[in-house]
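Following: one structure in structure tokens, then a few remarks.
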Amino acid sequence: MTESKPVPARTPRILVADDDPRLLESVRGLLATQGLTIDTASGGGAAIERLRNAHYDLLLLDLCMPELDGRDVLRFMRAAELETLTVVISGNSSVDDVAGALREGAHDYLKKPYQPEELLATVQNALQKKHLEDANREMRARLEKSERLHRLIVNNSPDIVFILDHDGRFRFVNSRVHELLGYTHQEVMDSTILDLIDPADHDKGEYFFQQAGRAHAHIRSIEVALKPRHAGRGPRHFELAVWPTPPGTDADTVDDRIYGTARDITDRKESEAFINFQAYHDLLTRLPNRALFRDRVDVAISQAERSAAHLAVMFIDLNRFKVINDSLGHTVGDRLLQAVAQRLQGGIRKGDTLSRFGGDEFTLLLPDLPDTGAALQVAEKILDCLSTPFHLGDHELYVGASIGIAVYPDAGRTLDALIKSADIAMYHEKKTGKNGVRLFDPAMGGGTPLRLQVEQDMRRALQREEFLILYQPQVDAASGQMIGVEALVRWDHPTRGLLGPTEFIPIAEDTRMIVELDRLTLRGAVHEVRQCQRNGMPEMRLAVNLSPVLVEREDFVETILETLKQADFPPHLLEVEITESLLMSDAHQTVEKLNALCAAGIQVAVDDFGTGYSSLGYLQKLPVHTLKIDRSFTNTICGEDEACIVNAIVSMARGLHMNIVAEGVETRLHYDYLHDLGCPVMQGFLFGQPGPLSTLLEDRTRYPGPARSRRAASVPDTP
Ligand code: C2E
Ligand code: MG
Ligand code: MG
């Protein structure tokens with residue numbers, strides 16, 4: 001780049017300034033013989049004028065001219081920074097004048113009178129000098145330009161460009177280092193490259209620079225993290241490439257050893273890390289995904305094989321998640337899953353792996369377990385940590401879980417067997433409809449239909465009308481009269497026989513098939529009961545269970561009212577049974593809907609009361625007429641003083657003037673106890689199993705009344 005090109009040859013231009021016209025002519029004639037271009041000026045003023053308008057290589061200047069003399073012209077030239085060389089011609093001028101002219105910038109002088117050869121030699125000499133000066137200037141300009149270009153390229157390089165000495169100290173660095181890492185130029189020049197490397201990569205960097213310094217080094221590049229000046233920013237990743245400085249470079253001194261570049265690859269690194277993370281994690285909860293979980297279980301199995309230890313795989317399926325997701329939207333659903341994941345994660349040990357298996361299903365691996373009991377304890381802890389509500393915005397949300405546990409080796413020796421067993425156990429637990437834990441038992445075995453099968457069967461069943469309705473009497477405790485019935489759905493499965501709702505309702509809710517099923521049941525029950533009323537049956541209340549999935553639909557109220565209208569069913573005889581948790585999860589909308597039903601005369605009952613988390617005080621504010629005490633509380637009645645929860649519920653509900661129906665009344669003891677408490681309505685096997693409506697109507701006078709009733713004596717203590 002820096003080699004000089006010859007200055008292109010062109011005819012030099014010469015200006016001759018003299019007030020003597022004869023002299024001007026003779027000089028012009030003389031120089032013309034040399035092929036030179038000559039202009040003339042007949043005085044100082046004319047010379048300045050010409051110099052202003054044209055470029056001259058050489059000026060032959062008479063010092064002594066009237067008006068503006070030679071020195072005035074020299075002063076003008078200096079002020080105008082002209083590069084024209086000047087040879088002064090002195091006639092009578094003194095030595096001082098000549099010396100002054102030389103000081104003023106003249107290059108040479110010639111004394112009048114002179115020989116033509118003398119003039120020619122002086123002119124040749126001056127032109128030679130001028131040519132050299134021009135060439136020099138041009139080369140310097142080209143060098144400067146070239147350097148500016150280099151600087152521009154180096155500083156605008158997307159990479160940090162540097163030169164290091166043998167100690168790794170910076171001898172040169174471009175300005176990129178400031179933009180990428182925040183250091184000032186001086187800070188970098190005062191450091192070594194190792195000072196900039198993130199401590200985590202320090203050893204790697206040190207080794208690299210030892211190697212790379214060698215003349216025949218094999219490695220020339222490395223990926224390292226450099227720490228930015230401001231510690232808060234986290235390291236950035238660079239690819240460093242270095243080479244020994246080639247001999248003969250300008251920058252080369254004894255100390256210089258290598259030059260190199262550092263390319264910022266942070267974005268690439270981050271996207272690589274993200275792709276890696278994504279392959280093995282669920283992005284929403286940031287938990288390991290199915291693939292990573294399977295890997296970990298595989299490793300745990302090999303370890304357990306060697307050490308004859310136990311390990312457990314747990315399947316955790318959230319209850320009610322789908323309802324919340326459908327009614328409050330995916331954003332709330334997503335946030336809830338994140339919150340659940342966080343809570344679960346908080347409750348397990350470091351070596352355990354919690355993963356999101358899909359949807360609202362989580363799996364947990366407990367490697368290295370002392371015994372099965374330990375797994376049960378962890379599961380209980382999980383249920384416990386889910387029992388307090390989640391607060392998301394204005395929502396207070398309850399989610400429970402059904403947990404299935406498979407312990408190696410009893411529940412399976414392979415990855416797939418263990419996961420399947422845990423799933424089967426969970427499915428069995430889910431059927432209860434409550435939150436709970438189930439340990440896999442080989443008796444659950446392969447015969448268990450997995451959810452998918454049930455789901456497929458159910459779609460068919462809806463088309464083929466395999467569902468039917470049974471009714472269970474609700475009895476007035478004082479008179480023993482049947483005052484109402486609860487409609488309970490059954491599935492007459494072609495191969496598995498008559499199935500109870502716990503076998504299929506949770507799946508129907510998960511798949512939203514419950515909407516169709518509940519509508520079907522409501523319509524069927526309303527028509528059937530209405531028909532009996534038409535046939536002379538006394539007025540009787542019909543209770544129908546409705547899933548939260550249905551209630552939370554926008555068209556819920558319309559659906560109910562429309563069904564009643566079609567069947568011409570009196571609204572005051574319908575009681576809809578809803579669950580406690582529905583009221584708790586999204587009170588505002590639900591309350592509006594229930595209010596609309598109340599306004600139409602329909603009654604509202606809270607089913608399975610006591611198993612959720614609602615307080616009576618809260619329920620009082622809601623449009624609820626009836627509380628149904630869950631049968632698990634009735635079950636606790638076995639002696640005089642042992643049923644304090646039932647006592648509390650009944651007495652509080654009575655204080656709030658709510659109807660009460662005690663469920664699961666199975667024995668005479670239950671009946672008497674509840675009757676003494678003042679519980680007005682009862683339902684349970686003591687009065688009859690759910691059955692066809694016609695059968696119930698035949699039996700309706702045979703229900704046991706109070707203990708003193710004679711009829712009661714003929715009824716066995718247990719059904
Ligand atoms: P639920 O509404 O609490 O219904 C009472 C359940 O207790 C019924 O079980 C009934 O057969 C059972 N039961 C009645 N008396 C006794 C007793 O004395 N002892 C014992 N151990 N159990 C008794 P079923 O029919 O299996 O229904 C279970 C649950 O399924 C119902 O609980 C209800 O929540 C739900 N369900 C039933 N039919 C429907 C329906 O059409 N739609 C919806 N969404 N849910 C339904
Ligand atoms: Mg019910
Ligand atoms: Mg119930």
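For ligands, and for the atoms within them, numbers begin at 1 and follow the listed sequence.
Summarising the contacts of atom 9 (O) of ligand 1 with E509, Q472, R631, the nearest heavy atom is found in R631. Taking all heavy atoms of E663, E666, M682 into account, the minimum distance to atom 3 (O) of ligand 1 is reached by E663.
For D607, every heavy-atom contact with ligand 1 shorter than 4.0 Å involves the side chain, none the backbone. Residue contacts with ligand 1, taken as heavy atom pairs separated by less than 4.0 Å, do not involve K628 at all. With a 4.0 Å heavy-atom cut-off, ligand 1 is reached by no atom of T579. The side chain of D608, and not its backbone, has at least one atom closer than 4.0 Å to an atom of ligand 1 (non-hydrogen atoms only; side chain from C-beta on). Contacts with ligand 1 closer than 4.0 Å are made by side-chain heavy atoms of T521 only, the backbone lying farther away.
Closest to the Mg ion (ligand 2) among the N, O or S atoms of E577 is OE1. Atom OD2 is the N/O/S atom of D607 found closest to the Mg ion (ligand 2).
The one candidate from M537, M540, R541 that meets the side chain to side chain contact (heavy atoms under 4.5 Å, CB included) condition with V529 is M537.
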For Q472 and E486, run side chain to side chain donor-acceptor pair (under 3.5 Å): C-alpha distance rounded to whole Å, both residues' side-chain angles, the deciding distance at 0.1 Å, then the answer.
-> CA-CA 5 Å; Q472 189 177 35; E486 177 176 1; over 6 Å; no
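A salt bridge links R460 to D457: one of the charged nitrogens lies within less than 4.0 Å of a carboxylate oxygen. Checked for salt-bridge contact, D518 and R553 miss the test: no charged N lies under 4.0 Å from a carboxylate O.
A heavy-atom separation below 4.0 Å is found between S547 and ligand 1. In this structure, E486 counts as a contact residue of ligand 1, since one of its heavy atoms falls inside 4.0 Å of the ligand.
Residues satisfying the ring-ring contact (aromatic ring centres under 6.0 Å, His included) criterion with F362, sequence neighbours excluded, are absent altogether.
Of the polar atoms of D518, at least one N or O is found under 3.5 Å from an N or O of ligand 1, judged by distance alone. Checked by distance only, ligand 1 and T502 stay at 3.5 Å or farther apart across all their nitrogen or oxygen atoms. Residue F685 has at least one nitrogen or oxygen atom sitting less than 3.5 Å from a nitrogen or oxygen atom of ligand 1, judged on distance alone. Polar contact with ligand 1: absent for I505 (N/O pair, distance under 3.5 Å).
E663 is listed as a side-chain neighbour of D608, based on a closest heavy-atom distance under 4.5 Å. Residues L287 and F293 are not in side-chain contact: their nearest non-hydrogen atoms beyond the backbone lie 4.5 Å or more apart.
Ring geometry for Y671 against H675 counts as parallel: the plane angle stays under 30°, on a 0 to 90° scale with 60° as the upper cut.
Each side-chain hydrogen bond (donor to acceptor under 3.5 Å, both in side chains) pair with one or both residues in residues 328-346, not counting sequence neighbours, appears once here: N325-H330, R343-T388.
When distances to the Mg ion (ligand 2) are checked against a cut-off of 2.8 Å, E486 contributes an N, O or S atom below that limit. Note on D608: not counted as a metal contact of the Mg ion (ligand 2), no N/O/S atom lying under 2.8 Å.
Shown here for C679 and A477, the closest heavy-atom pair between the two residues is O-CB, 3.5 Å.
Distance check, rounded to the nearest 0.5 Å: CD1 of I629 to CE of M682 gives 9.5 Å.
The distance from ligand 1 to the heavy atoms of E577 drops below 4.0 Å at these ligand atoms: 2 (O).
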